[in-house]
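Throughout, a chain's letter reflects where its sequence line sits, starting with A, and its residues are numbered from 1.
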Amino acid sequence: MIEWSENQIHAFRKTLLDWYDVNGRQLPWRQDHEPYHVWISEIMLQQTQVNTVIPYYQRFMTEFPTVSDLAAAPEAKLMKAWEGLGYYSRARNLQKAAKQIVNERGGQWPKTVEGLQELAGIGPYTAGAIASIAFNEPVPAVDGNAFRVFARLLEIDLDIAKPQARPIFEKIIERIMSPDRPGDFNQAIMDLGSSYMTAKNPDSAHSPVKAFNQAYIDGVEMQYPVKSKKPKPVKVSYYGIVIRQNDQFLMQKRPSEGLLANFWTFPLIAEDDVLALSKTPELVTDEERLNLLEQLIRQEYGLHLRLVPMGAKPVKHTFTHRQWIISLLSAEVAPDADLSFFPGKWLSTQELNTIALPKVQEKLMQRLVNTK
DNA sequence: AAGCCGTGGTA
DNA sequence: TTACCAAGGCT
């Protein structure tokens with residue numbers, strides 16, 4: 001890596017901010033520096049693209065205009081507002097933090113990076129963003145953009161996937177950033193990172209800071225940032241059981257922790273659990289498989305079902321670390337069936353249109369429409 | 001430290 | 001299709 005002189009640092013600040021003053025993006029959350037606005041946008045933007053966030057942010061501000069409104073909101077309404085954004089613990093933490101501010105702090109925001117990180121869902125990046133943008137504190141906001149931009153500018157060889165890299169980048173950026181305009185500096189770095197200095201197809205030849213971009217100058221831009229790879233999603237096969245009576249589906253609520261916590265889906269049964277009932281799982285035929293599945297449902301839920309496979313191909317849905325492969329089967333259940341052992345309830349199509357559903361459930365329901 | 005936690009877009 | 005990315009935080 002290289003180091004800049006004081007003169008270079010001053011020149012970089014001026015070049016960056018001059019560019020930002022003219023070319024900075026106009027975004028809904030940049031109309032003012034209200035901590036509430038900065039906060040909501042920063043949480044939504046975690047691992048999520050700007051274009052995806054914009055409509056969510058606008059609806060959110062209409063429904064929950066202030067931190068008090070958010071603190072007092074029914075959780076179902078909040079989840080409906082977040083539906084489709086993913087990483088749903090962000091929404092739950094959002095309300096936790098809103099309650100912290102309203103109930104424990106008399107509506108007062110913590111105004112320092114340290115204080116902000118005491119709020120649920122606010123880590124080092126988001127705390128730096130809020131502190132610098134809303135409270136003008138000269139602290140870096142090191143997100144993926146900042147890692148990438150500074151790794152290239154200075155040819156920093158640290159693996160940005162490793163936690164130790166963060167404090168080192170923070171120290172480097174602290175020295176470089178504009179002490180009088182910290183919020184604008186941090187946002188300018190993000191705009192740079194999402195325009196000229198993107199991960200895949202950067203356009204450094206036209207970048208306002210190309211003269212400062214050592215990796216570009218040396219023709220090794222694509223070697224930065226150094227980032228170790230993550231493991232592939234693990235494939236998991238399920239049977240999705242569609243039990244319909246007139247206008248209702250028998251739905252199952254997911255556990256309160258873990259993937260898609262508390263969301264409603266069709267009952268999902270892991271193929272592994274079904275095959276575990278066989279002494280020779282590798283020899284199970286399709287017909288036996290169906291029998292084993294019906295047996296498991298009898299044992300676990302006390303439901304006597306006759307299952308009929310639906311459609312040809314299973315529904316696939318990929319999360320960050322899992323790929324679900326779901327084979328749909330339909331069944332009828334007797335009107336007087338005992339549902340006391342079944343961990344779920346009947347939901348009408350009306351209700352299903354009202355509550356928040358995860359994308360994978362919507363895919364399953366879509367498949368239902370297509371195979372009818 | 002490394003795995004968990006969603007979704008949509010792009011090459 | 002696969003692979004990887006996009007303004008991370010929590011455990």
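- Between A/Glu42 and A/Arg90 no salt bridge is recorded (no basic side-chain N to carboxylate O distance below 4.0 Å).
- Contact annotation: the side chain of A/Tyr57 never approaches that of A/Leu27 to less than 4.5 Å [non-hydrogen atoms, C-beta and beyond].
- The residue A/Glu83 sits apart from the nucleic acid: no heavy atom pair falls under 4.0 Å.
- B/dA11 and C/dA7: their C1' atoms are spaced 23 Å apart (whole Å).
- In terms of position along DNA chain B, the nucleotide closest to A/Lys162 lies nearer the 5' end than the nucleotide closest to the other residue of the pair A/Leu357 and A/Lys162.
- Distance A/Asn51 CG to B/dT7 P: 19 Å, rounded to the nearest Å.
- Contacts of A/Arg254 with the nucleic acid, taken as non-hydrogen atoms under 4.0 Å apart, are absent.
- If you take CZ of A/Arg92 and P of B/dC4, they are 18 Å apart, rounded to a whole angstrom.
- Comparing the P positions of C/dT11 and B/dG6 gives a spacing of 14 Å, expressed to the nearest Å.
- For the P atoms, the distance linking B/dA1 with C/dA6 amounts to 23 Å, nearest Å.
- As judged by a 4.0 angstrom heavy-atom cut-off over every strand, A/Trp29 is placed among the base-contacting residues.
- In this structure, CG of A/Leu364 is placed 16 Å from P of B/dG6, rounded to the nearest angstrom.
- Close to B/dG3, at under 4.0 Å from its OP1 or OP2, lies no side-chain N or O of A/Lys230.
- Remark: A/Glu362 engages A/Lys359 in a salt bridge, criterion side-chain N to carboxylate O under 4.0 Å.
- The side chain of A/Ser194 lies closest to C/dA7 when the candidates are C/dA7, C/dG8, B/dG9.
- Nucleic acid contact class of A/Thr52 (heavy atoms, under 4.0 Å, all strands): none.
- Closest to the side chain of A/Tyr125, out of C/dA7, B/dT7, B/dG9, is C/dA7.
- You won't find any donor-acceptor pair under 3.5 Å spanning the side chain of A/Thr126 and the base of C/dG9, going by distance alone.
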